[in-house]
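Model, not experiment: these values are computed from the prediction.
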Amino acid sequence: MSFPLLTATAALPALGAIATAAVPAARRTAAKWLALLVSLATLVLAAVVLVRFDPGGDRYQLTESRAWIKDFGVRYELGVDGIAVVLIALTALLIPFVILAGWHDADPLETGDASLSSFAAGRWRPTQGFFALILAVEAMVIISFEATDVFLFYIFFEAMLIPMYFLIGGFGDRAHEHGEETASTQRSYAAVKFLLYNLVGGLIMLAAVIGLYVVAGNFSLTQIAAARADGSLHMATNTERWLFLGFFFAFAVKAPLWPLHTWLPNAMGEATTPVAVLITAVVDKVGTFAMLRFCLQLFPEASKWATPVILVLALISIIYGALLAVGQRDIKRLVAYASISHFGFIVLGIFAMTSQGQSGATLYMVNHGISTAALMLVAGFLISRRGSRLIADYGGVQKVAPVLAGTFLIGGLATLSLPGLAPFVSEFLVLVGTFARYPVVGIIATFGIVLAALYTLVLYQRTMTGPVKAEVAEMPDLRLRELVVVTPLIVLLIFLGVYPKPLTDIVNPAVKQTMSDVQKKDPQPEVEAAK
């Protein structure tokens with residue numbers, strides 16, 4: 001038997017989470033270093049997966065399949081295609097930066113009182129638990145990208161809600177304008193709202209998973225898709241549509257897509273900055289990834305049937321998210337609404353049903369993860385210095401902390417998809433692919449770009465330029481640990497903006513196979529014959 005590389009990639013952070021949680025309470029620094037080393041080792045394994053993946057080979061590679069729950073046809077099946085492999089690499093890449101950025105976020109404000117009430121109020125913070133939960137989320141996200149058994153995917157799709165709930169509710173942002181007591185209440189509200197929204201989506205998906213088993217007789221994605229393709233498995237039109245809606249609803253909540261998005265600004269606003277990055281740059285990608293892997297592959301006809309409505313929802317997400325970002329007073333909530341707009345672009349690219357659109361959507365998942373991580377983490381460093389998330393509390397920062405301001409600007413320019421930075425390539429492909437089939441939709445979506453420029457540049461102007469406010473006059477510039485976090489992300493944004501070929505070579509073959517699943521071909525441009 002060959003080495004189970006995919007299992008190892010997910011199991012390592014899971015075991016690391018257990019080991020980190022078991023570190024004695026007095027050894028907080030040791031727990032931090034252990035979590036960081038485990039995340040770096042996971043990154044090495046993810047790099048091996050990336051290197052061993054052959055874009056010109058089989059659709060699913062490095063596969064593993066073992067009997068699990070025989071009586072119900074559930075198997076432990078793993079496999080990666082070009083889309084999954086780049087998202088696993090993104091996840092493994094970002095987690096070490098999340099850990100480094102949150103190095104002091106779980107340090108206790110008070111020692112000696114380890115009661116649950118003290119924990120809920122944010123005075124006592126179990127540092128080991130914070131980093132263990134981050135590693136647990138990483139493990140569950142990675143195996144969600146790897147799972148080719150629908151039931152196996154569902155288990156971890158839902159299970160990741162548990163550590164995320166505690167990360168949001170138990171380790172909230174200390175920079176709060178209304179005091180710690182109000183902050184604790186709002187953290188609890190944000191965590192419960194996150195959990196309820198995603199649980200409702202998950203329960204509806206569970207009904208659809210059971211329905212799929214009744215129709216297909218098994219949970220294997222590859223077997224069901226093959227049976228659909230060769231005609232040996234036929235679903236009634238209404239059955240397929242109901243099953244599609246059950247899956248899509250859960251993924252739209254996770255994504256998040258308007259109008260199921262309202263949990264995200266609360267969760268990102270009240271969570272610590274690294275956890276906010278974990279939410280939008282890592283966890284939310286599972287929703288859009290699952291649309292490509294499960295919705296299009298299992299329910300191709302229903303996907304085409306639902307496309308007009310989904311395109312409208314994506315357009316609303318793009319414009320609505322950007323408009324609300326323009327009007328925000330809170331830095332973190334601004335980034336949250338900007339992410340809703342960006343996820344609208346991703347969903348738009350997926351359901352444009354063109355190879356350019358779906359390639360752009362996949363690249364967008366990667367590039368949005370990197371750019372949002374860069375912007376949000378620098379914003380977090382800024383907030384930790386001033387102790388406020390309000391934009392109005394800043395001004396003239398670039399004069400006292402030029403490196404912080406410069407990295408903040410690059411992250412912001414990447415968010416508005418400036419040419420030369422990675423998100424531009426993905427957004428351009430999404431718009432080109434959408435315009436090729438739905439020109440009116442493509443034209444409306446471009447207004448999201450204009451609004452992105454507005455909220456990003458206004459944010460930079462109000463925080464970084466102008467007279468130096470007294471409260472920021474002594475603000476220190478980025479420290480070594482913070483530079484180690486930000487610099488690789490900035491380098492990646494520039495490199496992938498200039499040379500995206502390493503990603504497109506991996507993603508494009510998988511996109512072609514997805515297009516084949518839904519039996520769609522790219523529309524040919526109309527060229528008038530020469531007279």
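Checking side-chain atoms of Arg385 against main-chain N and O of Asp477 turns up a donor-acceptor pair under 3.5 Å. No side-chain donor-acceptor contact under 3.5 Å links Arg329 to the backbone of Ile391. In this structure, Thr354 contributes its side chain and Gly433 its backbone to a donor-acceptor pair below 3.5 Å. Formation of a donor-acceptor pair under 3.5 Å by the Ser384 side chain with backbone atoms of Phe381 is found in this model. Side-chain N or O atoms of Arg437 include one that pairs as donor or acceptor with a backbone N or O of Met353 at under 3.5 Å.
A heavy-atom distance below 4.5 Å is found between the side chains of Leu36 and Pro96. Side chains of Leu278 and Leu94 form no contact here, defined as non-hydrogen atoms less than 4.5 Å apart. Residues Thr280 and Phe343 are in side-chain contact: their nearest non-hydrogen atoms beyond the backbone lie under 4.5 Å apart. Looking only at side-chain heavy atoms (C-beta outward), Phe289 and Leu292 stay at 4.5 Å or farther from each other. The side-chain heavy atoms of Asn508 and Ser355, taken from C-beta on, include no pair separated by under 4.5 Å. Side-chain atoms of Val253 and Trp263, non-hydrogen and from C-beta on, do get closer than 4.5 Å to each other. Using a 4.5 Å cut-off on side-chain heavy atoms (C-beta onward), Leu257 and Phe248 make contact. With a 4.5 Å cut-off on side-chain heavy atoms, Val44 and Leu40 do not count as touching.
In this structure Phe130 satisfies the ring-ring contact (aromatic ring centres under 6.0 Å, His included) test together with Phe171, sequence neighbours excluded. With sequence neighbours left out, Arg462 forms a salt bridge (Lys or Arg N to Asp or Glu O under 4.0 Å) with no residue at all. With sequence neighbours excluded, the residues that form a side-chain contact (heavy atoms from CB on, under 4.5 Å) with Phe435 are Pro439, Ile443. Judged as a side-chain contact (heavy atoms from CB on, under 4.5 Å), and not counting sequence neighbours, the contacts of Val440 are Ile444. For Ala35, the side-chain contact (heavy atoms from CB on, under 4.5 Å) partners are Thr20, Ile99, Phe131, Leu135, not counting sequence neighbours. The side-chain contact (heavy atoms from CB on, under 4.5 Å) check on Asp393 picks up Arg386, Ser388, Leu390, with sequence neighbours excluded. For Asp505, the salt bridge (Lys or Arg N to Asp or Glu O under 4.0 Å) partners are Lys501, not counting sequence neighbours.
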Less than 3.5 Å apart, which donor and acceptor atoms pair up between the side chains of residues 314-327 and the rest of the protein, not counting sequence neighbours?
residue, atom, partner, partner atom, Å
Ser317, OG, Trp258, N, 2.9
Ser317, OG, Leu313, O, 3.1
Tyr320, OH, His261, NE2, 3.4

Taking only distance into account, with no hydrogens and no angle test, what donor-acceptor pairs under 3.5 Å do side-chain atoms of residues 465-476 form with protein atoms, sequence neighbours excluded?
residue, atom, partner, partner atom, Å
Thr465, OG1, Gln461, O, 2.5
Lys469, NZ, Ala392, O, 2.4

Please report, to 0.1 Å, the donor-acceptor pairs under 3.5 Å made by any side chain of residues 400-414, with sequence neighbours excluded.
residue, atom, partner, partner atom, Å
Thr407, OG1, Val403, O, 3.1
Thr407, OG1, Leu404, O, 2.9

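With Val86 as reference, Ile506 is the one residue of Ile506, Leu363, Thr91 to meet the side chain to side chain contact (heavy atoms under 4.5 Å, CB included) rule.
Atom OG1 of Thr434 sits about 7.5 Å away from atom CG of Leu311, to the nearest 0.5 Å. Taken to the nearest 0.5 Å, the CZ atom of Arg333 stands 13.5 Å off from the CD1 atom of Ile331. Atoms CZ and CG, on Phe166 and Leu133 in that order, are 8.0 Å from each other to the nearest 0.5 Å. For the atom pair CZ (Phe351) and CD1 (Ile346), the distance works out to 12.5 Å, reported to the nearest 0.5 Å. With rounding to the nearest 0.5 angstrom, the CG atom of Leu161 is 13.0 Å from the CZ atom of Phe156. Leu264 CG to Lys193 NZ: the interatomic distance, rounded to the nearest 0.5 Å, is 10.0 Å.
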Stepwise side-chain contact (heavy atoms from CB on, under 4.5 Å) test for Val485 and Leu478:
CA-CA 10 Å; Val485 170; Leu478 291 183; over 6 Å; no

Ile383 and Tyr394: CA distance, side-chain angles, deciding distance, side-chain contact (heavy atoms from CB on, under 4.5 Å) verdict
CA-CA 10 Å; Ile383 291 167; Tyr394 296 88; 3.9 Å; yes

Please step through side-chain contact (heavy atoms from CB on, under 4.5 Å) for the pair Leu416 and Leu457, ending with a clear verdict.
CA-CA 9 Å; Leu416 64 83; Leu457 296 178; 4.3 Å; yes

Carefully, step by step, assess Lys254 and Met160 under the rule side-chain contact (heavy atoms from CB on, under 4.5 Å).
CA-CA 11 Å; Lys254 183 85 79 179; Met160 70 179 70; 3.9 Å; yes

Intermediate values then yes/no, side chain to side chain donor-acceptor pair (under 3.5 Å), Thr307 and Tyr438
CA-CA 11 Å; Thr307 289; Tyr438 304 102; 5.2 Å; no

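Minimum heavy-atom separation, Ala46 to Ala89: CB-CA, 4.4 Å. Scanning both residues, Asn266 and Ala190, for their nearest heavy atoms gives O-CB, 3.4 Å. Smallest separation of non-hydrogen atoms from Phe97 and Pro488: CZ-CB, 3.6 Å. Considering all non-hydrogen atoms of both residues, Val80 and Arg293 come closest at CA-NH2, 4.2 Å. Closest approach of Leu90 to Ala281, counting heavy atoms only: CD2-O, 3.8 Å. Between Ala276 and Met268, the closest heavy-atom pair is CB-O, 3.8 Å.
Atom CZ of Arg481 sits in a crowded spot, with more than 12 heavy atoms from other residues, nucleotides or ligands closer than 6.0 Å. Taking a 6.0 Å sphere around CZ of Phe428, one finds it holds 12 or fewer heavy atoms contributed by other residues, nucleotides or ligands.
Side-chain N/O atoms of Thr415 and Tyr455 include no donor and acceptor closer than 3.5 Å. Looking at Gln328 and Tyr337, their side chains never bring a donor and an acceptor atom within 3.5 Å of each other.
Residue pairs that meet the side chain to side chain donor-acceptor pair (under 3.5 Å) test with at least one member in residues 29-44, sequence neighbours left out, are Lys32-Asp107. Pairs of residues two or more places apart, or lying in two chains, that qualify as side chain to side chain donor-acceptor pair (under 3.5 Å) and include a residue from residues 365-380 are Lys285-His368, Ser339-His368, Asn367-Ser426, His368-Thr372.
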